[in-house]
> 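The structure that follows is given in the form of C-alpha cells.
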Amino acid sequence: MDLLADLNLQQQQAVMAGLGPVLVLAGPGSGKTRVLTRRIAYLIGAMAVRPYQILAVTFTNKAAREMESRVAELLGEKTRGLSLGTFHASCARILRREAEHLPFDANFVIFDTDDQLSVVNRALEDLNIDPKRYRPNSVLAAISNAKNELILPDDFPVQTYRDEVVARVYRRYQELLLGSNALDFDDLLLWSVFLFENNPNVREKYARRFEHVLVDEFQDTNQAQYVLIKQLVSFHRNFFVVGDTDQSIYGWRGADYRNLQRLEQDFPDTQVIILEQNYRSTQSILDVAMAVINQHPYRIVKNLFTERGQGQRVILHETYDDRSEADFVVETIASSVARQQAEPGDFAVMYRTNAQSRLLEEAFLQAGLPYKLVGAQRFYGRREVKDVVAYLRLVRNPQDEVSLMRVINTPTRGIGNKTVLALRTYAQKINRSMGEVLLELGAGDPAKTLEHFPGRAIAALTAFGERLHRWRQMLDKLAPVNLMDLILEDIGYQTYLDDGTEEGRERWENVLELRRLAAEFSEQGLDAFLERVALVSDQDTLEANANVPTLLTLHAAKGLEFRVVFIVGLVDGMLPHSRSFDDPEAMQEERRLFYVGITRAKDRLYLVYPQNRSAYGFTEPVEPSRFLDDIPLSLLEESRTSQSAQRSSRADMGATRWQTSQSRSAQVIEPRYRPGMRIYHPVWAEGMVLNSRVQDDDEIVDIFFEKVGLKRVAASLAKLEIRP
DNA sequence: ATGGACAATGTTTTT
DNA sequence: CATTGTCCAT
C-alpha cells in the first residue's frame, strides 16, 4: 500500500523527514500514532532500514501493543527484529543482557510501588526513624524524584535536617534493593543511564545498533529518560520524537515537558513539524479547548482546526449538588441511548479524582445501567495476586526479602513476628539472606542453625524451608503454570481464600485469572512471566469493547477518545485541585488536564459542575472552576437541573438564589436531511430518510434502513453520509 | 495470631 | 463519610 496516500501535508513531511533529529509537535487528535507507525513502516519499507536497527519507545504497554499491531498491519513479517516497547521494558532487557557490568544479577526482580513501600518501611525500621514523622510515602516520593534526576544517595542535596534523613533512608533503601537482587521502576532507567555512562563501549554498541530511535509522548519524559535517549542516539543522531506540551500532565511524577525545548537546544538542527489538523473533534469542541489552553503562558501556539464541521455547542450544565450531578449524567446518557442517538459505549464520564467515581457508580447502579471503571482497583495490586506472584518470585530469587516477608506467614503457618525477627537477626549475623537460611534449613543439615531458634519456631521454619527447597528443585522442570499449581496446592491457597463469602470467591477468581496468564508463558518461562506481571498495567486487562459507558479520571483519559464526554465536578478545589493552588506550575498542569479532557470528545461535550459538594460528610457550597471563566459564553450552551427534583436535606439555606430562566438559545438550525434522501450509516448501512425535524439544537431523522427497518436518530450523533 | 475498636487521613499514578 | 492503619485485648 501507499504509505503516504491518506496523510495530510504535515504528516507526510514528518513521515518522510530525512536523517537527523526530528521533532513532531502533535496536537490532540492530529494522527500522532499514525505518523509514528507510518514513519517506522517508511524506514523499513522505503529506506531499507533493517528492523533490528530501529528502537521505538512508548510509555504504556497499551501504546506499544497498538503501535506494534499497526506496524504489522502495514508491513507484516518484515517487522521482525524491531525493538518496540515501553521505556521500562526496553531498559530491563538491556540491563539483563549487560548484567555483568552491574552490581546485580541478570535475574533481578522488579519491585512495584507496594514493594517499594515495604522496602522504605524496612529502611526506616533499620535506621530507627519514626515513620510518623517521615511518612514512607513522602520519603519514597523524594527518593523517586531523586532517581528521576539521576541523583544518587551521596549526591542528594541536603538543605535541611529532613533532607539529611531522607538521604540516609535513600542509601539504606538502595542497599536493601540490591540485597534482594531487586530494582524498582526508577532503577531500570537509572541503572541504564549509569551503565552507558560508565561503560562507553557498551553505550557505543547500542548507539551503533539503533540507527533510528523513535519516542512517543515525549512531553512525559523525565530527566533520566531524556539522558537515556541522548545516549542512545549519540552515534547516529537519528531520532524522531512526538509530543505535545499542552498534554503534559505528569509533571508531578517527574515528567518535564521542557525536554521538548531542551531537545531543540541540544540539537539545533532539529526539524520541527507541527501537526495542527484535528481529525477527532468538532470545531465547537476545539474552540473551547483552545479558549482554555491559550491562557497558558509561553506555549507554542497551535491553531487546531478540523474539517468535521462546527457541530453542536458545548453544554455547560449546573446542578444542585454532586449527587444530582451524577443523576444528570446518567439520565442524559440513558435518554440518549433510549432515543438511539448513541450507543452506551460512546459515552465517557471524566473526573479529577478517583473518589468522585463513587456517586457516579451509585447513580448507574440505581438506574440499573452497566458501566466500566478504568483504574481504581488494579488487578495486579490485589492482595491475592500479589501473594501468588510473591511466591513465584521468591522461588526464583530467594534473596527477595520483600516477597519472603509477604508470604512467610500467608496463609498462616505459625511463623509470627517473633520468629521472623529471630530469623532476620540470625541471617544478618551470618551475612546471608533470610531466604538462604530457610533453604538451608529445608535442605537438611540444619544442625548449626538449629540452636539459634526457640524450639517451637524450628518446626515451622523447617517445614517452610523444605517447601521452598522443593519448589526450587522444580524450577527448571515445570512450566510457570505448573509451578504455580504446585505451590497453590501445597499451601492450600484456595481453601485459604475461599471462605464462602462473595469476596473470597472473587479473590480465587483473580488467582485463576493470573493462572490463565501464566499458562501463556509455558514457552517463554518464568522470568518472562514475572517481568510481564511487574511491568504491566491494568488498562491492559480491561475488556475493551463492552459497549457500556466508561468512568475514568482525566489522567486515565489521555490518549483515548469518545463520541460524548462529560467532565464532572468542575469546581474550584477539584479542578484545579486545591493542592495546586499555591504552585503556578501545578496550576498550569491542572489547566492542561482540563484541556486533555476536553479534547477527548469527538461529537459532544458536557461540562458539569455542582453548586454544592459533599466533602468528608458535609455539604458545602462551592464555586465553579475558574477555568470555566476562560471560555467565552458564546461558545457554550448553558443549562441547569431544576432544583425541585433533587433537594437533599440541608438544601434550604443556600438554595434560594435560583434563577429559573432557562437560557436556552432559540437558535434555528437548518435541517440537512429531507424525505427521500438516500443515506449511509456505519452500522445500519443503507437507508432512506422518511422524515426529519429540528429539535433542541439537533436534527431528529427517521430513517428506513434496508437491513434493520425504521430507526430514529439524531443527526449530530449518528454518522450519516448522504448518498447521491 | 487474630480480630475488634479507635484514630488518622483524605490528588493525579503510563512503569 | 469511608477507608486505612495502629494498637490492644483475647
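Below, read A as the first sequence line, B as the second, and so on, with proteins coming before strands; counting in each chain starts at 1. Predicted model, so just to flag it, every value in this text is computed and none were measured. Computed over heavy atoms, backbone and side chain alike; hydrogens, waters and symmetry mates excluded.
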> Write down the distance between CD (A:Q247) and P (B:dT14), rounded to a whole number of angstrom.
17 Å
> Check side chain to side chain donor-acceptor pair (under 3.5 Å) between A:Q116 and all other residues, then give those that pass, not counting sequence neighbours.
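Expected list: A:Y173, A:D184.
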> A:F87 CZ to B:dT13 P: how many Å, rounded?
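Taking CZ of A:F87 and P of B:dT13, I get 21 Å after rounding.
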> Expressed as a whole number of angstroms, how long is the span from A:L560:CG to B:dT14:C1'?
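After rounding, the gap between these two atoms is 12 Å.
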> Just confirming the chi classification of B:dT11, syn or anti, using 90° around 0 as the syn window.
syn
> Starting at CG of A:L117 and ending at C1' of B:dT13, how long is that distance when rounded to a whole Å?
14 Å
> Classify A:I415 by what it touches in the nucleic acid, base, sugar-phosphate, or nothing, heavy-atom distance under 4.0 Å.
sugar-phosphate
> Listed by chain and number, what are the salt bridge (charged side-chain N to carboxylate O under 4.0 Å, His left out) partners of A:R579, not counting sequence neighbours?
none
> Tell me every residue that passes salt bridge (charged side-chain N to carboxylate O under 4.0 Å, His left out) with A:R262, counting only those two or more places apart in sequence or in another chain.
A:D256
> Quick one: list whatever passes salt bridge (charged side-chain N to carboxylate O under 4.0 Å, His left out) with A:E68, sequence neighbours left out.
none
> Roughly how many Å apart are C:dT4 and B:dT13, using the P atom of each and rounding to a whole number?
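Their P atoms lie roughly 15 Å apart.
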> How far, in whole Å, is C:dG5 from B:dT12 if one measures between their P atoms?
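Going atom to atom, P in each nucleotide, I get 15 Å.
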> Restricting to non-hydrogen atoms, name the atom on A:A224 and the atom on A:L189 that form the minimum distance, rounded to 0.1 Å.
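Closest approach of A:A224 to A:L189, heavy atoms only: CB-CB, 4.1 Å.
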> What does the list of N/O pairs under 3.5 Å between the protein and nucleotides 9-12 of chain B look like, with a distance for each?
{"from": "B:dT9", "atom 1": "OP1", "to": "A:R135", "atom 2": "NH2", "distance (Å)": "2.3"}
{"from": "B:dT11", "atom 1": "O4'", "to": "A:H577", "atom 2": "NE2", "distance (Å)": "3.3"}
{"from": "B:dT12", "atom 1": "OP1", "to": "A:N354", "atom 2": "N", "distance (Å)": "3.1"}
{"from": "B:dT12", "atom 1": "O4'", "to": "A:R352", "atom 2": "NH2", "distance (Å)": "3.1"}
{"from": "B:dT12", "atom 1": "N1", "to": "A:R352", "atom 2": "NH2", "distance (Å)": "3.4"}
{"from": "B:dT12", "atom 1": "O2", "to": "A:W252", "atom 2": "NE1", "distance (Å)": "3.3"}
{"from": "B:dT12", "atom 1": "O2", "to": "A:R352", "atom 2": "NH2", "distance (Å)": "2.4"}

> What's the CG-C1' distance between A:D112 and B:dT14, to the nearest Å?
14 Å
> Quick one: A:L554 CG to B:dT13 C1', roughly how many Å, whole number?
14 Å
> Are there more than 12 heavy atoms of other residues, nucleotides or ligands under 6.0 Å from atom CD of A:E623?
no
> Whole angstrom is fine here: how far is it from CG in A:D256 over to P in B:dT14?
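My rounded result for the distance is 20 Å.
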> Rounded to whole angstrom units, what separation is found between the CG atom of A:D244 and the C1' atom of B:dT14?
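So the CG-C1' distance, A:D244 to B:dT14, works out to 16 Å.
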> Please classify the nucleic acid contact of A:D186 as base, sugar-phosphate, or nothing, using heavy-atom distances under 4.0 Å.
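Nothing, no heavy atom under 4.0 Å.
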> Side chain to side chain donor-acceptor pair (under 3.5 Å) with A:D244: which residues, sequence neighbours excluded?
A:Q247, A:K302
